[in-house]
Undergrad: 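Quick one: this structure, given as structure tokens, is what I'll be asking you about.
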Amino acid sequence: MSELKNDRMLRALAREPVDCTPVWMMRQAGRYLPEYRQTRGQAGDFMSLCRNAELACEVTLQPLARYPLDAAILFSDILTIPDAMGLGLYFEVGEGPKFRKTIRNANDVADLPVPKADTDLDYVMNAVRTIRSALGGSVPLIGFSGSPWTLATYMVEGGGSKDFRATKRLMMAEPEVMHGLLDKLADSVIDYLNAQIRAGAQIVQIFDTWGGVLTPHAYEAFSLAYMRKILAGLIKEHDGRRVPAIIFTKNGGQWLEVMADSGADALGLDWTTNIGRARSRVGDKVVLQGNMDPTTLYAPDDVIRAEVATILKDFGAGSGHVFNLGHGIPLDVDPAKAKVFIDAVHELSAQYHG
């Protein structure tokens, strides 16, 4: 087992005692940091940055050089799997990710190859190995993937969407085709996350960004069922240590009870759910991660500290809480505000431990 200088997050995910609540931020390596913007400019474009292990490592470590974070998260994108399936991922300035090919029928699904992560996505594994080595055991490394449902929405729509009309049309009109796509994606995610674990990821998170657009029944059938399949197929222990898995469904606070029975170690919460009430609903089944509204970081420092204090008080005493934002950090936030947030979590949470 490799030793960690700071294992606070792994201890919290195992409900073991900690000195204070661990904290990291979704999208912590990103455009709000001037050093990230400089490195991305050096790479040329976003995917070139992802595919260059040294530069991906550099941007992964940038927030850790600024802040006393309790974890690093692999710098990559949730859409690497569909890209490896041959859909042609590209990025339009100001418009987000797009695909040159879309999935609209049974033939499209049948023609989709299932990528082999160790070869077709070897640039991700090279980044994981490079980052893990560069971290030198300072903090754990989080690997991640998009959920099958979230990946499917981009593959069917051809990019982002406001109403997911094409995706929901396929789901409603030809549910067996959608299930076929989701099953293929689940197999791909299992292979992808296990390859990340073998390469050195010590925690994994599944980002179900668009699960919250579904009805309760559809969420269980078309999103959660496939995350369950992934969780059951993941490597549970590596390098002499358990590998915890986190699932995060944005706008999924109404489904915490079924999510808690998914096999996940932790549930990510967005800011629309009170973390104290969430804790009372799920008990000790899962750890909770979250959940400050990211836009709080636009506020004065005392307001940020007060909101951190409120969330800590709502969660209450004891381990089983990983502090995070309720979604990614906004790209135009002053980096100094992130330090106020992170320092407040460590300082104000100590009273709830020990």
Undergrad: Donor-acceptor pair, distance only, cut-off 3.5 Å: does the side chain of Arg51 make one with the backbone of Tyr123?
TA: no

Undergrad: Atom CZ in Arg27, atom CH2 in Trp24: separation rounded to 0.5 Å?
TA: 11.0 Å

Undergrad: Using 30° and 60° as the class limits, which term best fits the ring planes of His179 and Tyr226: parallel, tilted or perpendicular?
TA: tilted

Undergrad: Return yes if some donor-acceptor pair links the side-chain N/O of Lys116 with the main-chain N/O of Ser188 below 3.5 Å, else return no.
TA: no

Undergrad: Are Ile342 and Met25 close enough that some pair of their side-chain heavy atoms sits under 4.5 Å apart?
TA: yes

Undergrad: Test your reading of the model: is there a side-chain donor-acceptor pair from Thr273 to the backbone of Ile275, 3.5 Å cut-off?
TA: no

Undergrad: Any side-chain to backbone donor/acceptor pair from Ser133 onto Thr130? Under 3.5 Å, distance only.
TA: no

Undergrad: Quick one: pull up OG1 in Thr209 and CD1 in Ile78 and give me the separation to the nearest 0.5 Å.
TA: 4.5 Å

Undergrad: Would you indicate whether the side-chain heavy atoms of Thr167 and Ser161 approach each other to under 4.5 Å?
TA: no

Undergrad: Does any donor atom in the side chain of Glu58 or Thr39 lie under 3.5 Å from an acceptor atom in the other side chain?
TA: yes

Undergrad: Just how far is it from atom OG of Ser138 to atom CG of Leu64, taken to the nearest 0.5 Å?
TA: 6.0 Å

Undergrad: Would Thr21 and His353 count as having a side-chain donor-acceptor pair, cut-off 3.5 Å?
TA: yes

Undergrad: Could you tell me if the side chain of Phe207 sits less than 4.5 Å from the side chain of Thr150, heavy atoms only?
TA: no

Undergrad: So which atom in Asp191 and which in Ala117 form the shortest heavy-atom distance, rounded to 0.1 Å?
TA: OD2-N, 2.8 Å

Undergrad: Where the side chain of His238 meets the backbone of Ala199, is there a donor-acceptor pair that is under 3.5 Å apart?
TA: no

Undergrad: Indicate yes or no: at least one non-hydrogen side-chain atom of Met292 is less than 4.5 angstrom from one of Leu297.
TA: yes

Undergrad: Does any part of the side chain of Pro22, heavy atoms only, come nearer than 4.5 Å to the side chain of Phe323, both counted from C-beta?
TA: no

Undergrad: Heavy atoms only: give me the nearest Ile142-Ala71 pair and the separation to one decimal.
TA: CD1-CB, 3.7 Å

Undergrad: May I ask you to test the Met171-Phe164 pair for a side-chain heavy-atom distance under 4.5 Å?
TA: no

Undergrad: Please indicate whether Arg281 has more than 12 foreign heavy atoms, meaning atoms of other residues, nucleotides or ligands, lying under 6.0 Å from its CZ.
TA: yes

Undergrad: Identify whether Leu151 and Leu74 are in the same connected component of the hydrophobic contact network (ILVMFWY, side-chain heavy atoms under 4.5 Å).
TA: yes

Undergrad: Could you go step by step and tell me if Arg100 and Leu89 meet the side chain to side chain contact (heavy atoms under 4.5 Å, CB included) rule?
TA: CA-CA 7 Å; Arg100 300 186 196 285; Leu89 177 64; over 6 Å; no

Undergrad: From Leu256 CG over to Leu269 CG, what is the distance, rounded to the nearest 0.5 angstrom?
TA: 6.0 Å

Undergrad: Please determine if Arg8 and Asp19 form a salt bridge, counting it only when a charged side-chain N lies under 4.0 Å from a carboxylate O.
TA: yes

Undergrad: Within a strict 4.5 Å, meaning less than it, do heavy atoms of the Val322 and Met9 side chains meet?
TA: yes

Undergrad: Only one of Lys236, Arg242, Arg15 clears side-chain hydrogen bond (donor to acceptor under 3.5 Å, both in side chains) with Asp265; which?
TA: Arg242

Undergrad: When the ring planes of Phe75 and Phe46 are compared, do they come out parallel, tilted or perpendicular, using 30° and 60° as the limits?
TA: perpendicular

Undergrad: Would you call the rings of Trp210 and Tyr154 parallel, tilted or perpendicular if under 30° counts as parallel and over 60° as perpendicular?
TA: tilted

Undergrad: In sequence, state the C-alpha distance, the side-chain angles, and the governing distance for Glu35 and Arg66, and then conclude on salt bridge (Lys or Arg N to Asp or Glu O under 4.0 Å).
TA: CA-CA 11 Å; Glu35 55 268 41; Arg66 275 185 180 260; 2.7 Å; yes

Undergrad: Minimum heavy-atom separation for Gln205 to Met26, with atom names?
TA: NE2-SD, 3.7 Å

Undergrad: Look at Lys285 together with Glu257 and state whether they make a salt bridge at an N to O cut-off of under 4.0 Å.
TA: no

Undergrad: Hey, mind stepping through Gln28 and Gln62 against side-chain hydrogen bond (donor to acceptor under 3.5 Å, both in side chains) and telling me if it holds?
TA: CA-CA 9 Å; Gln28 67 188 24; Gln62 283 169 351; over 6 Å; no

Undergrad: Which atom names give the shortest non-hydrogen contact between Asp70 and Pro140, and what distance separates them?
TA: O-CD, 3.4 Å

Undergrad: Quiz question: by atom type and distance under 3.5 Å, do the side chains of Tyr219 and Thr249 form a donor-acceptor pair?
TA: yes

Undergrad: Within a 6.0 Å radius of atom NZ on Lys101, are there more than 12 heavy atoms belonging to other residues, nucleotides or ligands?
TA: no

Undergrad: Does Asp208 reach the main-chain N or O of Pro148 with its side chain, forming a donor-acceptor pair under 3.5 Å?
TA: no

Undergrad: Check this for me: does any side-chain nitrogen of one of Lys229 and Asp183 sit under 4.0 Å from a carboxylate oxygen of the other?
TA: yes

Undergrad: From Leu231 CG over to Arg228 CZ, what is the distance, rounded to the nearest 0.5 angstrom?
TA: 9.0 Å

Undergrad: Out of curiosity, Asp187 CG to Ile230 CD1, how far, rounded to the nearest 0.5 Å?
TA: 9.0 Å

Undergrad: Against the six-membered ring of Phe315, is Arg279 placed for a cation-pi contact (under 6.0 Å from the centre, within 45° of the normal)?
TA: yes

Undergrad: Looking at Gly326, is its backbone amide N or carbonyl O close enough to the side chain of Asp270 to form a donor-acceptor pair, meaning the two atoms are under 3.5 Å apart?
TA: no

Undergrad: So, do Ser319 and Arg11 sit near enough that their side-chain heavy atoms are less than 4.5 Å apart?
TA: no

Undergrad: Step by step, would you call Tyr298 with Asp334 a side-chain hydrogen bond (donor to acceptor under 3.5 Å, both in side chains)?
TA: CA-CA 8 Å; Tyr298 295 123; Asp334 178 354; over 6 Å; no

Undergrad: State whether a side-chain donor-acceptor pair under 3.5 Å links Asp45 with Ser48.
TA: yes

Undergrad: If only atom types and distance count, is the side chain of Asn105 paired as donor or acceptor with the main-chain N or O of Asp108 below 3.5 Å?
TA: yes

Undergrad: So among Val308, Ile329, Val333, Asp301, which one has a side-chain contact (heavy atoms from CB on, under 4.5 Å) with Phe341?
TA: Val308

Undergrad: So which heavy atom on Trp271 is nearest to which on Pro294, and how close?
TA: CE3-CD, 3.6 Å

Undergrad: Evaluate side chain to side chain contact (heavy atoms under 4.5 Å, CB included) for Val128 paired with Leu141, printing each intermediate quantity in order.
TA: CA-CA 8 Å; Val128 171; Leu141 174 62; 3.9 Å; yes

Undergrad: I'd like to know if the side chain of Asp7 and the backbone of Leu10 have a donor-acceptor N/O pair within less than 3.5 Å.
TA: no

Undergrad: Could you walk me through whether Arg165 and Glu157 pass the salt bridge (Lys or Arg N to Asp or Glu O under 4.0 Å) test, one step at a time?
TA: CA-CA 8 Å; Arg165 191 175 306 171; Glu157 302 289 340; over 6 Å; no

Undergrad: Quick check on Gln38: does its CD atom have over 12 non-hydrogen neighbours (other residues, nucleotides or ligands) under 6.0 Å away?
TA: no

Undergrad: Strictly below 4.0 Å, N to O, side chains only: are Arg198 and Asp118 in salt-bridge contact?
TA: yes

Undergrad: Show the nearest heavy-atom pair for residues Gln202 and Val139, with the distance to one decimal.
TA: OE1-O, 4.3 Å

Undergrad: Checking side-chain polar atoms at under 3.5 Å, does Glu220 have a donor or acceptor matched by the opposite partner on Trp255?
TA: no

Undergrad: Is it true that Leu61 and Leu4 fall in one hydrophobic cluster, defined by side-chain heavy atoms closer than 4.5 Å?
TA: yes

Undergrad: Under 3.5 Å, side chain of Lys184 to main-chain N/O of Val114, donor-acceptor pair present?
TA: no

